[in-house]
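Here is the structure we will look at, set down as structure tokens.
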There are 2 protein chains.
Amino acid sequence: MPDQGPEMEIVHLLRAVTVELGAHSGRFAQRNGMHPTDVRALVVLMDAARAGEAMTAGRLGGALGLNSAGTTALVDRLERAGHVRRVRDERDRRRVTVEVDERAVALGWSHFGPLIGRAVELLRGYDERELAAIRDFLAGVREAAEGDTGEPGHNGSG
Amino acid sequence: MPDQGPEMEIVHLLRAVTVELGAHSGRFAQRNGMHPTDVRALVVLMDAARAGEAMTAGRLGGALGLNSAGTTALVDRLERAGHVRRVRDERDRRRVTVEVDERAVALGWSHFGPLIGRAVELLRGYDERELAAIRDFLAGVREAAEGDTGEPGHNGSG
DNA sequence: GGTAGTATCTCGCCCAGCGAGATACTTGTC
DNA sequence: GACAAGTATCTCGCTGGGCGAGATACTACC
């Protein structure tokens, strides 16, 4: 399966970026005595916070692909480390909303901030058409990865 | 930390792509009764094969950040599943080269092929300047992620 | 107030990965 | 050839993340 043209270079580049980004957040995890899953959880929680949504234990576990037992253990770890707080939902007392601690947010920004800043800086060097190309390509790949379940002969039409 | 402009949209998009690509290969793992690490190992092995290099157990473990015990267990799993073969290096009989089985390669292509094909298809829709922008941006992010260890105030000089 | 439904937690287990040390082989010296 | 030092892989015992099953606490509907 030899190189099929200049396109494959970019495909491999994208994969390399994925690997490197994973390694980057892995270093954050290791440096703070956390498991990769814990970092993913914090990211999900911060996303929700940024969107102004409350995140329950169940939704967090769902987003990470964990079952309820694993989710409980995860929130236990994060709480023990002081990164999150469990807060009983007063409207529905079965629910537990998980809130990120300010210090965890600051910790995250101190690690990922420079990388994000660099990416923004890079992007400022492009004009509108170039930005559109980057945006469209990434959106296209995301859709392809979401949609393509990798199951041959299984198509979602209907 | 509100949106800092159109650049942040792309940064979040890139992160979403990373997440989605991880989930995609996770589905491949689960569907074939493999661990995510096993998939990463196959990718490393196929990369080496494509580059025409032999991959020893030690180098494989190193690439994945595993110690020797974990590497042995990993190769055991892959071998038991028939995805790789252990081959004693005849020049240096301490070494074990790990060879990917043809069927594992075919299995991998049947899952990742469509996604790669779609990405190539997307890329064919751009002109030279747009392609250069995508390539440069990805290369820049990769470098930033490699270089930025996330350790504030820790620089290599003196 | 009772029953069904839902969100989270507890318990027991499996297995990926680690640290330490054993084993098998190569290289260099005599 | 025998011996010592160095290197690649494997074995052993253990830790801990995640799962399945079931318990628990609460809400919703009648």
Side-chain angles (χ1 to χ4, degrees), chain A residues 22-23 25-45 48 53-81 83-99, chain B residues 22-23 25-45 48 53-81 83-99:
Chain A
S25 92
R27 283 193 293 273
F28 175 71
Q30 196 153 23
R31 191 162 298 151
N32 294 288
M34 298 166 74
H35 196 266
T37 299
D38 302 2
V39 180
R40 289 172 56 212
L42 286 182
V43 169
V44 170
L45 289 168
E53 295 175 9
M55 192 50 126
T56 66
R59 289 215 311 143
L60 175 61
L64 298 174
L66 299 181
N67 74 358
S68 65
T71 303
T72 297
L74 166 70
V75 179
D76 281 353
R77 286 199 302 276
L78 291 173
E79 195 172 40
R80 207 178 311 128
H83 297 314
V84 305
R85 290 179 299 275
R86 271 184 171 91
V87 180
R88 275 280 165 199
D89 187 329
E90 283 307 320
R91 290 195 237 286
D92 184 342
R93 291 187 48 75
R94 289 169 302 183
R95 289 187 180 176
V96 168
T97 52
V98 183
E99 293 178 1
Chain B
S25 93
R27 281 194 294 274
F28 174 70
Q30 195 153 24
R31 190 162 298 149
N32 294 287
M34 298 166 73
H35 197 267
T37 299
D38 302 3
V39 180
R40 288 173 55 212
L42 286 182
V43 169
V44 170
L45 288 168
E53 295 174 7
M55 193 50 128
T56 66
R59 289 215 311 144
L60 175 61
L64 299 174
L66 299 180
N67 73 0
S68 64
T71 303
T72 297
L74 166 71
V75 178
D76 280 352
R77 286 199 303 276
L78 290 173
E79 194 172 39
R80 208 178 311 128
H83 297 314
V84 306
R85 289 180 299 275
R86 271 185 170 93
V87 180
R88 276 280 165 200
D89 186 330
E90 283 308 319
R91 292 195 235 286
D92 184 342
R93 291 186 50 76
R94 290 170 303 182
R95 289 187 180 176
V96 168
T97 52
V98 182
E99 292 179 2

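Labels below follow one simple rule: chain letters A, B, ... track the order of the sequence lines, proteins then strands, and each chain is numbered from 1. Scope of the values below: all heavy atoms of this structure, side chains included, with no hydrogens, waters or symmetry mates.
Between B/Arg91 and B/Asp89, no side-chain nitrogen of the basic residue sits less than 4.0 Å from a carboxylate oxygen of the acidic one, so the salt-bridge criterion is not met.
Remark: A/Arg85 engages A/Glu99, A/Asp101 in a side-chain hydrogen bond (donor to acceptor under 3.5 Å, both in side chains) (not counting sequence neighbours). Remark: A/Asn67 engages no residue in a side-chain hydrogen bond (donor to acceptor under 3.5 Å, both in side chains) (not counting sequence neighbours). Every residue meeting the salt bridge (Lys or Arg N to Asp or Glu O under 4.0 Å) condition with A/Arg77, not counting sequence neighbours, appears here in chain and number order: A/Asp38. Evaluation of the side-chain hydrogen bond (donor to acceptor under 3.5 Å, both in side chains) rule for B/Arg59 yields B/Glu53 as partners, not counting sequence neighbours. Scanning for side chain to side chain contact (heavy atoms under 4.5 Å, CB included) contacts around A/Val96 gives A/Arg86, A/Arg88, with sequence neighbours left out. Residues satisfying the side-chain hydrogen bond (donor to acceptor under 3.5 Å, both in side chains) criterion with A/Asn32, sequence neighbours excluded, are absent altogether. Residues forming a side chain to side chain contact (heavy atoms under 4.5 Å, CB included) with A/Ala23 (at least two apart in sequence, or on another chain): A/Glu20, A/Arg27.
No engagement by B/Arg59 is indicated, since no non-hydrogen atom pair under 4.0 Å with the nucleic acid exists.
One distance of note links OG1 of B/Thr71 with CG of B/Leu60; it measures 6.5 Å at 0.5 Å rounding. To the nearest 0.5 Å, the span separating CG on A/Leu74 from CG on A/Leu64 amounts to 6.5 Å.
Between its two ends, the helix from C/dG1-D/dC30 to C/dC30-D/dG1 turns its axis by 10°, counting five pairs per end and rounding to 10 degrees.
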### Task
Classify every nucleotide of nucleotides 12-19 of chain C by which part a protein heavy atom approaches to under 4.0 Å, writing B for the base, S for the sugar-phosphate alone and - for neither, in 5'-to-3' order.
----SSBB

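The neighbour count for A/Gln30 CD, taken as heavy atoms of other residues, nucleotides or ligands under 6.0 Å away, does not exceed 12.
Closest approach of A/Met34 and A/Val39 over heavy atoms only: CE-N, 4.1 Å.
Of all nucleotides in DNA chain D having an atom under 4.0 Å from a heavy atom of chain A, the first and last in 5' to 3' order are D/dG17 to D/dT27.
Near DNA chain D, defined here as any heavy-atom distance below 4.0 Å, the residues from residues 89-97 of chain B are B/Arg94, B/Arg95, B/Val96, listed numerically.
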